[in-house]
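Worksheet: the structure to be examined is printed underneath.
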Amino acid sequence: MRVRFWQLLVPMILGGVTFYYFVYRDRKINLGEKNYVWIIWGSIVILLWWISEAVKLSTLSRNIGVNIGFLNSLKVIFTGFFLGGITAFSIGTFPGEYMALLKIGLDYDDALWIVSVRGIMNGIVKSIIAIIFAVFLRTYNNHILREIFYKIFLAYGLGIFLAYFIIFSKNIYAIKIRELIIRGLVYLEKRYAKISRHIYRFRTALIAQSEKFYIGSLYSWLPLFSIYIVSWILLLSFPISIVKFIGANIRFTDAIMAQAIFCITQSYMPTPGGSGIIELGYDYFLRGVSGVSSAEFIMFLRLFTFYLPLLIGGFVTFSIINRREIA
């Protein structure tokens, strides 16, 4: 997988332009009168979030008898952060984690198995959270949030469950869908000669995965959902630290709701990592529900939850790419 430097510049430029817009418009940035105890606490929360993500991955690897270790797990998740953050619709997350697992020595079957189960569990937990927040959105007075986002979240949550049932069941229609996916991979294999070798191995690994293997694993690994839930609690509670740090007149429930909305919908944003769109979305949402927004809140929230992981992930990703070629 080839990564170019300009791909990192695009989200940084989009974010920088957006932040400049907020600072120029609000003209209320004053870092001298802040409660820095809360930003320290927020930094700890973010650190714990990274750790929880790595624990999820290392636990998954141990459950199939391939212990990649905690540090390697951190490298994999930061590679996913980075490649997801520099690609439109965050489409680089899955291949980024897959590539990183191959680079640290896993074979194609094990790497595909880990990212597949990881993706399934992430999707299920996100769908549960989406349904829960859809119910809360019904209480908002804002028409757009109450009607449009409620339907989007509810459709997303129920759609994920339906998609997993179709894709991983033995239903005849599910089998046809899987056959279409395989045909698509065959087309890509013929279309892109330079990476056809990797697509072929991915395709054969995908075929090798048993349907029963996925479902059986999910049933036996239900305790892992506790780690996923803890990770989401950490991520969704982080905005409270920023609100307390800057002393903004933003309700905690609105800050958490904004974080949930854009964490769930980020993969549907056309700009890399949602840069620019998400910042403006935070502004629109908070002004609509709280009657107030804050450039400081948006800047610090995105700094810790997106731009900092993006920069760290860039260093990690380039170090992994420079390893030996995939055999």
Side-chain angles (χ1 to χ4, degrees), residues 1 3 7-8 11-12 39-87 90-108 110-123 125-126 221 223-238 241 259 263 266-267 272-273 301-326:
M1 180 176 293
V3 180
Q7 292 175 294
L8 175 61
M12 300 300 292
I39 202 64
I40 294 173
W41 171 249
S43 300
I44 294 173
V45 171
I46 288 296
L47 181 61
L48 291 174
W49 172 50
W50 294 344
I51 291 173
S52 68
E53 288 292 312
V55 169
K56 289 191 299 186
L57 186 56
S58 62
T59 303
L60 281 172
S61 69
R62 284 198 304 271
N63 281 4
I64 66 168
V66 183
N67 189 3
I68 63 177
F70 178 76
L71 290 179
N72 277 333
S73 296
L74 273 177
K75 293 177 182 179
V76 172
I77 66 164
F78 273 113
T79 301
F81 282 154
F82 175 71
L83 291 175
I86 65 173
T87 52
S90 301
I91 59 175
T93 303
F94 179 95
E97 293 183 352
Y98 183 69
M99 178 272 293
L101 287 168
L102 296 178
K103 285 291 187 177
I104 64 176
L106 270 68
D107 60 33
Y108 287 85
D110 288 340
L112 178 63
W113 192 90
I114 288 175
V115 295
S116 297
V117 175
R118 175 173 163 82
I120 292 170
M121 288 189 168
N122 277 335
V125 173
K126 284 175 68 173
W221 290 12
L224 271 181
F225 278 107
S226 61
I227 305 176
Y228 280 77
I229 292 172
V230 168
S231 179
W232 270 93
I233 289 174
L234 290 168
L235 181 59
L236 294 179
S237 65
F238 174 69
S241 303
Q259 178 78 322
C263 283
Q266 180 172 331
S267 58
L301 185 63
R302 286 289 280 170
L303 174 65
F304 279 91
T305 58
F306 177 70
Y307 291 101
L308 184 58
L310 181 70
L311 290 173
I312 297 175
F315 288 109
V316 172
T317 301
F318 285 111
S319 68
I320 288 179
I321 289 176
N322 289 330
R323 290 189 179 190
R324 66 184 184 281
E325 288 293 324
I326 301 173

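For the pair I39 and F304, the minimum side-chain heavy-atom distance is below 4.5 Å. Between L310 and I86 the shortest side-chain heavy-atom distance falls below 4.5 Å. Using a 4.5 Å heavy-atom cutoff, the side chains of F78 and T317 are not in contact. A 4.5 Å side-chain heavy-atom check between I114 and S61 finds at least one atom pair inside the cut-off. Considering only heavy atoms from C-beta on, L57 stays 4.5 Å or farther from E97 through its side chain. Residues I46 and F238 meet the side-chain proximity criterion, which asks for heavy atoms closer than 4.5 Å.
When each of V66, L102, L101, I68 is paired with D110, the side chain to side chain contact (heavy atoms under 4.5 Å, CB included) condition holds for V66 and for no other.
The 12-atom threshold is exceeded at CH2 of W50, counting heavy atoms of other residues, nucleotides or ligands nearer than 6.0 Å. Counted within 6.0 Å of CZ on F315, heavy atoms from surrounding residues, nucleotides or ligands total 12 or fewer; the atom is thus considered open.
Using cut-offs of 30° and 60° on the angle between ring planes, the pair F81 and W49 is tilted.
Between the CG atom of L234 and the CG atom of L48 there is a distance of 6.0 Å, given to the nearest 0.5 Å.
By the side-chain hydrogen bond (donor to acceptor under 3.5 Å, both in side chains) test, Q266 pairs with no residue at all, sequence neighbours left out. For E53, the side-chain hydrogen bond (donor to acceptor under 3.5 Å, both in side chains) partners are K56, R118, S231, not counting sequence neighbours.
The two residues L83 and G96 come nearest to each other via the heavy atoms CD1-CA, 3.2 Å.
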